Amino acid sequence: MFKVKILLIGPTEAGKTVLANFLADTTAEYVGGEYRPTQGVRILEFESKFEGGGDNKACELELWDCTGDFKFESCWPALMKDSSGVVIIFNPDVPKHLTEIETWHTMFISSQGLQDSQCLLMAHHKPSCVVEGRLPLAPPLSRLPLIHSNLEEEPEDVRKAFRRYLGKVLNVLSESREREEMSIIT
């Protein structure tokens, strides 16, 4: 069974912890509550299903719920080590988040040389917010898959979209493993 490390990154108060809890099924309360910023990183380990390659399969998943506070920037290289994928979570209703996510892309995706299929943008809408059309994303971000999440109205759509993303990450890892094995054999 593949072990996958996914980083959840993005600006402060974007909803990373709420989404991590939801995806890991760690709590019944996904929306509302008092804001408590993550200090450094929080790691959730669990078995997760993913879509792709026929039947739904499972993998060992580590979700790294990373702080959005730049005072922890010196720790970020350690967080990135051996990561399989990155999800940039932001609140599209906060204008500064749209510019901040460019910095997150540069620091966590460009620096690691991840493929676009190993990345996901998640526009996380707070409860009772209206989901609007296209977002004005910078060119490197506009290439990445984007999903809108609203756990109050469409929780299972969010889970399914994440499982599709996880399947794409696992395809990249599987292809990489096969290339490595072939290079050893030949």
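Note that the coordinates shown come from a computational prediction; the quantities given were computed from them, not determined experimentally.
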Lys/Arg N to Asp/Glu carboxylate O, E180 vs R177, below 4.0 Å: no

From CA spacing to verdict: side chain to side chain contact (heavy atoms under 4.5 Å, CB included), M107, E73: CA-CA 10 Å; M107 296 180 83; E73 185 176 356; 2.9 Å; yes

Stepwise salt bridge (Lys or Arg N to Asp or Glu O under 4.0 Å) test for E62 and K3: CA-CA 8 Å; E62 290 182 1; K3 187 169 189 172; 3.2 Å; yes

Six-ring centre of F50, R164 cation under 6.0 angstrom, axis tolerance 45°: no

For S74, all residues meeting side chain to side chain donor-acceptor pair (under 3.5 Å), sequence neighbours excluded: none

Any donor-acceptor N/O pair, K160 side chain to P155 backbone, under 3.5 Å: no

Distance-only side-chain donor-acceptor flag, D65 / T17, under 3.5 Å: yes

CA sep, side-chain torsions, deciding dist, call: T38, K16, side chain to side chain contact (heavy atoms under 4.5 Å, CB included): CA-CA 9 Å; T38 301; K16 298 178 293 293; over 6 Å; no

Donor-acceptor side-chain pairing of S84 and Q118 below 3.5 angstrom: no

K5 atom NZ: more than 12 heavy-atom contacts under 6.0 Å: yes

Parallel, tilted or perpendicular: ring planes of W76 versus F70, cut at 30 and 60 degrees: perpendicular

H97 side chain vs T12 backbone, donor-acceptor pair below 3.5 Å: yes

Cluster overlap L137 with I109, hydrophobic side-chain contacts below 4.5 Å: yes

Verdict with reasoning, R42 to N21, per side chain to side chain contact (heavy atoms under 4.5 Å, CB included): CA-CA 11 Å; R42 208 173 58 100; N21 287 342; 2.9 Å; yes

Main-chain N/O of L79 paired with S83 side-chain donor or acceptor, under 3.5 Å: no

Results of side-chain contact (heavy atoms from CB on, under 4.5 Å) for P145 - residues two or more places apart only: L120

Pairs involving residues 165-186, ordered by first then second residue, that meet ring pair (Phe, Tyr, Trp, His ring centres under 6.0 Å) (sequence neighbours left out): F162-Y165

Nearest heavy-atom neighbours spanning C59 and L166: SG-CD2, 3.9 Å

Close aromatic pair by centroid cut-off 6.0 Å: W64 and F108: no

Same apolar cluster (I L V M F W Y, side chains within < 4.5 Å links), V169/F46: yes

Name of the residue among T67, V41, V86 meeting side chain to side chain contact (heavy atoms under 4.5 Å, CB included) with I9: V86

